[in-house]
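Throughout, protein chains are lettered first and strands after them, A, B, ... in sequence-line order, and every chain is numbered starting at 1.
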Protein chains: 2
Amino acid sequence: MARPRNPLLSHERIVGAALGLVDGEGLDALSTRRLAAELGVSGPSLYHHFATKDALLDAVVDAVVGEVRLDMLGRDPWPDALRAWARSYRAALAAHPNLVPVLAHGPGRRPNALRLADAVFGALVDAGWPTGDATRIGALMRYLVFGSALGSFAGGFVDDEGLYAEQYPHLGQAHLLADRQRAVDEGAFELGLDSILLGLEARYARLGEQAAAATSSNRYSARS
Amino acid sequence: MARPRNPLLSHERIVGAALGLVDGEGLDALSTRRLAAELGVSGPSLYHHFATKDALLDAVVDAVVGEVRLDMLGRDPWPDALRAWARSYRAALAAHPNLVPVLAHGPGRRPNALRLADAVFGALVDAGWPTGDATRIGALMRYLVFGSALGSFAGGFVDDEGLYAEQYPHLGQAHLLADRQRAVDEGAFELGLDSILLGLEARYARLGEQAAAATSSNRYSARS
DNA sequence: ACCTGAACACCGTTCAAGT
DNA sequence: ACCTGAACACCGTTCAAGT
């Protein structure tokens, strides 16, 4: 065959097929040879479009991150914005649970991941959060979103009644969890979101009081 | 050589060498051949002690989970217990960050992981939490512990000043994060712990009020 | 029972060759 | 520029052979 007149492959077609493979058959099914077969080409062809398999995976991951809504950041009040953003983030990842372990490795040089990090950090700082707090809040939201999107907690229990009942007195119902995985992870996510926002709003109020106190003491010392 | 009088390998020796390899050179360095070489044997020898590489990894993971303290659960008041347990859990995982992605796949059939899940669930239920809440709280704590132990957030930013400054207005300092990775993850963990416990205590207080209200309305209806 | 070398079916990646 | 088949150095795992 050799070089065809119209290229057989494109960035988008490869990323789409790779995502389909990971969603359908898991991360292990994504080998260069398997993916190439899916695309009707030979294995090494992929290396004309991506330098390494890792670069390909980065592109797949960044396509998913690109689905996260960022428009509420810097527009709505920060607690509302953070809540809506986290839900959109979680929804984008939960649609591709097999990909989450790869996502967990940080933004690296992926453009959409960097745009996301920039938007949330910027919105928090603009709302008056100190930069140190803004960094920690961004990290904390990541923990919540990734953990609940992994589907790991409930899915990690084996569907085998005998295993739990004998030895672990409180886990008698644990084998049922596999079915309820999605509901448990969503419930834990919403519980975490409520708690974290409650805690952050209390902290934010204290920030405001401290700033007011600092201002009045400045006035006072300026006067004396 | 063939079979020696004293076995060359043991469960413990294999697990120890595997953990050392993962800690020192990352998860990818753990291949059956590489591990065998480290132990002075040939690759297939490992299959006389573990059925598959996954079973070996499970044993490594469970050894780490076995380091988590559980003694405070069911003994101290639940908010104190939850806080101390989460810190011990995080410390155990943070000592082996390369292993955390494997841990994230749920308890499966690992005895120490099941013992841990049983202990925290039981302590919460005994403290008066409904089982549904206890499940969600356990999952939520896992998100927090795993996320912060991965060291993924800050470590995921590349140490390359030019990359951020040009395109992402709020990330001008992001290349410094690699150095501060541990501090950021610990700060985000503690922030999350404070917020979540604050939120849970408020929720717990409401539970108590509802129970009291239900009791008094029962008395009332019994009277009429 | 426990370790060996040979072998199987896979990997990611490189490269000279084809158009 | 884009695709190919052949090849390299790796995998996890199986198995007959040795003591």
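You'll find that the side chain of B/L9 is closest to C/dC3, out of D/dC11, D/dC3, C/dC3. In the set D/dT4, C/dT13, C/dT4, D/dT4 carries the atom at the smallest distance from any side-chain atom of A/V41. Considering only side-chain atoms of B/P7, the nucleotide from C/dC3, D/dC11, D/dC2 that sits closest is C/dC3. Taking only side-chain atoms of A/P44, from C-beta outward, the nucleotide of C/dC15, D/dC3, D/dT14 with the closest atom is C/dC15. Which of C/dG12, D/dC15, D/dC3 sits closest to the side chain of A/K53 comes down to C/dG12. Relative to the side chain of B/S31, the nucleotides C/dC2, D/dG12, C/dG12 differ in distance, and D/dG12 lies closest. The side chain of B/T32 lies closest to D/dG12 when the candidates are D/dC2, D/dC15, D/dG12. For B/S42, taking side-chain heavy atoms from C-beta onward, the closest of the listed nucleotides D/dT4, C/dT4, C/dG12 is C/dT4.
In this structure, A/E186 places its CD atom where only 12 or fewer heavy-atom neighbours from other residues, nucleotides or ligands lie under 6.0 Å away.
Rounded to an integer number of Å, the gap from B/I14 CD1 to C/dC3 C1' is 12 Å. For the pair A/H49 NE2 and D/dC2 P, the interatomic distance rounds to 6 Å; values are reported in whole Å. One atom, CG of B/L8, and another, P of C/dC2, lie 11 Å apart when rounded to the nearest Å. To the nearest angstrom, P of C/dA1 lies 18 Å from NE2 of B/H11. Across the protein-nucleic acid pair, B/L30 atom CG and D/dC10 atom C1' stand 15 Å apart, rounded to whole Å. Put simply, CG on B/D28 is 16 Å from P on C/dC11, counting in whole angstrom units. One interatomic measurement links the two molecules: CZ of A/F50 to P of D/dA1, which rounds to 18 Å at whole-angstrom precision. Whole-Å rounding puts the B/R33 CZ to C/dG5 P distance at 12 Å.
For A/S45 and B/T52, each mapped to the nucleotide of DNA chain D holding its nearest heavy atom, the one lying further toward the 5' end belongs to A/S45. Place A/G43 and A/H48 on DNA chain C by their nearest nucleotides, and A/G43 ends up nearer the 5' end.
Residues A/N112 and A/V68 form no side-chain contact, since every pair of their non-hydrogen atoms from C-beta on lies 4.5 Å or further apart. No side-chain heavy atom of B/Y89 sits under 4.5 Å from any side-chain heavy atom of B/R69.
Annotation: cation-pi pair B/R90/B/F189 present, NZ/CZ under 6.0 Å from the ring centroid and within 45° of its normal.
The partner of C/dT19 is D/dA1, judged by Watson-Crick or G-U wobble contacts that both fall below 3.5 Å. Using Watson-Crick or G-U wobble geometry with both donor-acceptor distances under 3.5 Å, D/dA7 finds its partner in C/dT13.
The two atoms that bring A/Y164 and B/G108 nearest to each other are OH-O, 3.9 Å, heavy atoms only.
Contact annotation for B/L46: no contact, since no heavy-atom pair falls under 4.0 Å across all strands. Contacts of A/L39 with the nucleic acid, taken as non-hydrogen atoms under 4.0 Å apart, are absent.
A donor-acceptor contact closer than 3.5 angstrom is absent between the side chains of A/D118 and B/H170.
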